[in-house]
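Worksheet: one structure, shown below.
When a ligand or atom number is given, it counts from 1 through the structure's own listing order.
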Amino acid sequence: MTPKTRVGVLISGRGSNMAALIYASQAPDCPYEVVLVASNVPDAPGLKLAAAEGIPVFAHAHQGVKRADFDKIIDAELVRHGVEIVALAGYMRLLSDDFVAKWAGRCLNIHPSLLPKHKGLDVHEAVLAAGETKTGCTVHLVTPSLDDGPILGQVEVAVLPGDTPETLAERVHYAEHQLYPRVLATLVSDANGPEAMLDRVRSLALALPAAAEKLSHGSPGFYVEGGKFFAYFSYDHHHDGVMGLLVKASGIEEQAQLIENDPDLYYRPAYLGPSGWVGIRLDSGDVDWSHIEDWLARSWRASAPKRLAMLPI
Ligand code: GRF
């Protein structure tokens with residue numbers, strides 16, 4: 001069975017969205033699990049609920065700690081629990097640029113309005129003051145500017161005559177609890193899909209000196225300018241159903257050894273197999289990206305012209 005994506009939830013208060021994420025994750029086909037709930041408010045009620053459900057919790061008061069230092073504390077905790085995606089759920093703390101950059105594309109937030117309308121605080125007051133007939137909630141990716149990242153999903157909620165900020169907030173909450181788990185599950189499934197995997201491989205491969213990309217027999221290939229190909233992204237090649245990264249081993253002996261030692265991770269690719277290339281599975285649901293980075297660097301070095309291969313990378 002594919003391992004579930006490890007989600008860390010950050011809260012500052014009640015945590016009803018956190019609860020929705022946790023309870024939705026109990027469905028056998030839910031692609032994520034909540035492995036940590038962390039807070040900048042040690043007595044946030046949501047922490048008690050999470051702990052009662054057996055989820056590790058972490059709290060650290062932010063008062064007196066610089067924003068960047070505080071985020072490092074939270075980040076260290078996320079890393080310690082192997083978190084892959086961060087879900088903000090009523091986390092009332094602006095994030096440092098470093099934190100946002102590190103988790104780019106892997107950090108999402110829920111906001112109680114139909115963004116881009118009514119960013120910031122006191123949203124329901126603003127909706128009523130503006131005489132809106134409908135409002136709603138939005139889940140979006142987190143970027144450096146507040147409540148502004150790409151929108152992943154929205155649910156509309158009607159404004160009723162006589163609504164107060166409290167009555168409206170209550171109905172928007174119902175909608176939030178439906179929306180957040182659904183959007184998170186979709187994002188997680190996509191994050192393990194070929195587009196996201198290729199993006200990640202590409203950013204690592206093209207970070208190597210003089211690396212460039214071109215299609216080769218229908219697969220994205222990465223080569224060293226003036227040198228040879230050092231990696232291919234292979235997806236369902238000839239309908240084998242496999243998603244993997246092809247890199248150069250030192251020869252067929254090493255290739256055979258790798259496959260024998262770890263047959264779940266390594267495979268012998270068609271066509272390039274006889275030339276000593278080895279396939280590394282990217283569809284196991286649990287990719288070790290530093291291992292992929294090491295292989296790319298090694299394969300790059302074996303393919304680069306001498307003057308480049310001497311460069312420290
Ligand atoms: C929600 O309305 C969410 O949209 C906003 O903060 C509120 C958190 O509520 N970001 P809860 O703590 O999840 O109940």
message = By the salt bridge (charged side-chain N to carboxylate O under 4.0 Å, His left out) test, which pairs, at least two apart or in different chains, include something from residues 153-163?
response = K134-E156, D163-R171
ask   = Is the closest basic N to carboxylate O distance between D148 and K119 below 4.0 Å?
value = yes
task = Name the orientation class of the two ring planes belonging to Y232 and W277 (parallel below 30°, tilted from 30 to 60°, perpendicular beyond 60°).
result = tilted
Quick check for students: name every N or O atom pair between ligand 1 and the protein closer than 3.5 Å, with distances.
from     : atom 1 : to   : atom 2 : distance (Å)
ligand 1 : 2 (O)  : E176 : OE1    : 3.0
ligand 1 : 2 (O)  : E176 : OE2    : 3.2
ligand 1 : 4 (O)  : I110 : O      : 3.3
ligand 1 : 4 (O)  : P112 : N      : 3.4
ligand 1 : 4 (O)  : E176 : OE2    : 2.2
ligand 1 : 9 (O)  : H173 : NE2    : 3.1
ligand 1 : 10 (N) : I110 : O      : 2.9
ligand 1 : 12 (O) : G15  : N      : 2.8
ligand 1 : 13 (O) : S16  : N      : 3.3
ligand 1 : 13 (O) : N17  : N      : 2.8
ligand 1 : 13 (O) : N17  : ND2    : 2.9
ligand 1 : 14 (O) : R14  : NE     : 3.4
ligand 1 : 14 (O) : S16  : N      : 3.0
ligand 1 : 14 (O) : S16  : OG     : 2.5
ligand 1 : 14 (O) : H173 : NE2    : 3.2

Which pairs would a plain distance check flag for residues 209-222, meaning a side-chain donor or acceptor within less than 3.5 Å of a matching protein atom at least two apart in sequence or in another chain?
from : atom 1 : to   : atom 2 : distance (Å)
E213 : OE1    : R202 : NE     : 2.7
E213 : OE2    : R202 : NE     : 3.4
E213 : OE2    : R202 : NH2    : 2.9

request  = Mind checking ring-ring contact (aromatic ring centres under 6.0 Å, His included) for H62 and listing every partner two or more places apart, or none if nothing turns up?
outcome  = none
ask   = Can E260 and R268 be counted as an ion pair, charged N to O under 4.0 angstrom?
value = no
